[in-house]
Amino acid sequence: MQFFDTHAHIGLIYDDPIEQLRVVQDAKQAGVSRIMSICNSLHDFTMVYNTLKNVPGVYHAVGVAPSEVSNPGKDWIKIIESSLSLPNVIALGETGLDYYRKFGDKRSQIELFVTQLDLAEKLKVPVIVHNRNAGKDILDILSTRCPSAGVVLHCYSEDAEFAKKVLDLNVYFSFAGNFTYRAARNLHETALSIPLDRILIESESPFMEPAEYRGKRNMPAYILSTAKFLAEFLAMDFEELSAQLWKNSCRFFKLPE
């Protein structure tokens, strides 16, 4: 079995390059063959990319998160575009909307998000979407601007009804460690209501650790716990589900299986 952690903030787990490399090594020993490295800012992207750009199995997304809306950086659009031509930089993100933290104002967040969606369409790359307390606006925007290469709603947090409304779009749903929490009924209902070939899993490390690791700093290696819980919940053979998740992830990011 092999696993693909589709969303890991390696630079937030550790800021030391040696420790970052160790995180990747530990993940591979656990069976996590591929990791999508995510950064919120372009500065952090550069730092992490320079450390991990030659590490087999590590891929990168580049984008500006809503947390950076007040200061995305000089020439940030050009930087994203040029970065997407670098080796193993294969997705735009994370980007999206976050009304929980109230970064900037809604209009500025929406403008930042839409600009990146349009850039992704221009470059034909998939997008990793952050959504916190902004489901209605995310839905309204994607209904008219969903990039042809697709989007993944990472660390999915809405309910099954929301998921049904975007199924006609090229949208995938990624579950993190919080899927293993008993109280996450909205996520459980969603998993039962969407096609299996639209599901991805992620660590969202160092956040959202699975239930068995509560209180610890989350790691990419821990996605096996999420995968096992998902298999049990769906009453599926673990190896069969793992193979499907791998296939889904490779399809979404346009990588060979």
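What you see is a predicted model, and the numbers here were worked out from it, not measured in a lab.
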Sub-4.5 Å side-chain heavy-atom contact between L117 and L142: yes

Stepwise side chain to side chain contact (heavy atoms under 4.5 Å, CB included) check, H9 with C39: CA-CA 6 Å; H9 294 272; C39 295; 5.9 Å; no

Evaluation steps, side chain to side chain contact (heavy atoms under 4.5 Å, CB included), between D137 and Y99: CA-CA 10 Å; D137 284 348; Y99 296 164; 2.6 Å; yes

Geometric class of the Y156/F173 ring pair [parallel <30°, tilted 30-60°, perpendicular >60°]: perpendicular

Lys/Arg N to Asp/Glu carboxylate O, D118 vs R145, below 4.0 Å: yes

Donor + acceptor pair across side chains of D44, S41 (<3.5 Å): yes

Flag, side chain of K28 to backbone of P56, donor-acceptor distance under 3.5 Å: yes

Connected via hydrophobic side-chain network under 4.5 Å: I199 and L255: no

Any side-chain heavy-atom pair of E204 and H7 under 4.5 Å: yes

Any side-chain heavy-atom pair of L86 and S83 under 4.5 Å: yes

Sequence neighbours excluded, every pair satisfying ring pair (Phe, Tyr, Trp, His ring centres under 6.0 Å) that has a member inside residues 52-76: Y49-H60

Residue from L167, V166, V152 passing side-chain contact (heavy atoms from CB on, under 4.5 Å) with R198: L167

Worked check of side chain to side chain contact (heavy atoms under 4.5 Å, CB included) between R101 and S67: CA-CA 8 Å; R101 296 291 186 186; S67 59; over 6 Å; no

Smallest separation among heavy atoms of P17 and T51, with atom names: CB-CG2, 3.7 Å

Geometric class of the Y172/F252 ring pair [parallel <30°, tilted 30-60°, perpendicular >60°]: tilted

Sub-4.5 Å side-chain heavy-atom contact between L241 and L196: yes

Heavy-atom check, side chain of I141 versus side chain of C146, under 4.5 Å: no

Joint cluster assignment, V127 & F175, ILVMFWY side-chain distance < 4.5 Å: yes

Ring geometry between F179 and F229 (parallel below 30°, tilted from 30 to 60°, perpendicular above 60°): perpendicular

Side chains of E158 and N131, donor plus acceptor under 3.5 Å: yes

Same apolar cluster: M36 and V55, side chain cutoff 4.5 Å: no

Under 4.5 Å side-chain linkage, directly or through intermediates, the cluster mates of M219: I13, Y14, V23, Y213, Y222

Exercise: do H43 and E68 side chains pair donor with acceptor under 3.5 Å: no

Min side-chain heavy-atom separation I10-V24 under 4.5 Å: yes

Ring-face cation of R214 near Y181 (centre distance under 6.0 Å, axis angle within 45°): yes

Side-chain donor-acceptor pair present, T6, E202, cut-off under 3.5 Å: no

Side chains of H154 and E94 in contact at under 4.5 Å (non-hydrogen atoms): yes

Residues D140, K136; criterion salt bridge (charged side-chain N to carboxylate O under 4.0 Å, His left out); working and verdict: CA-CA 6 Å; D140 289 345; K136 183 182 183 303; 3.0 Å; yes

Nearest non-hydrogen partners of Y100 and N133, listed with the distance: CD1-ND2, 3.6 Å

Pair Q109-D105, side-chain donor/acceptor within less than 3.5 Å: no

Heavy-atom closest pair, residues S203 and I223: N-CG2, 3.3 Å

Any L52 side-chain heavy atom under 4.5 Å of L21 side chain: yes

Contact summary for D5 and A8, nearest pair of heavy atoms: OD2-CB, 3.4 Å

Minimum-distance pair of heavy atoms, taken over all atoms of A221 and A27: CB-CA, 4.0 Å

Carboxylate-amine/guanidinium proximity below 4.0 Å for K78 and E81: no

Closest non-hydrogen atom pair, D159 against T190: C-OG1, 3.2 Å

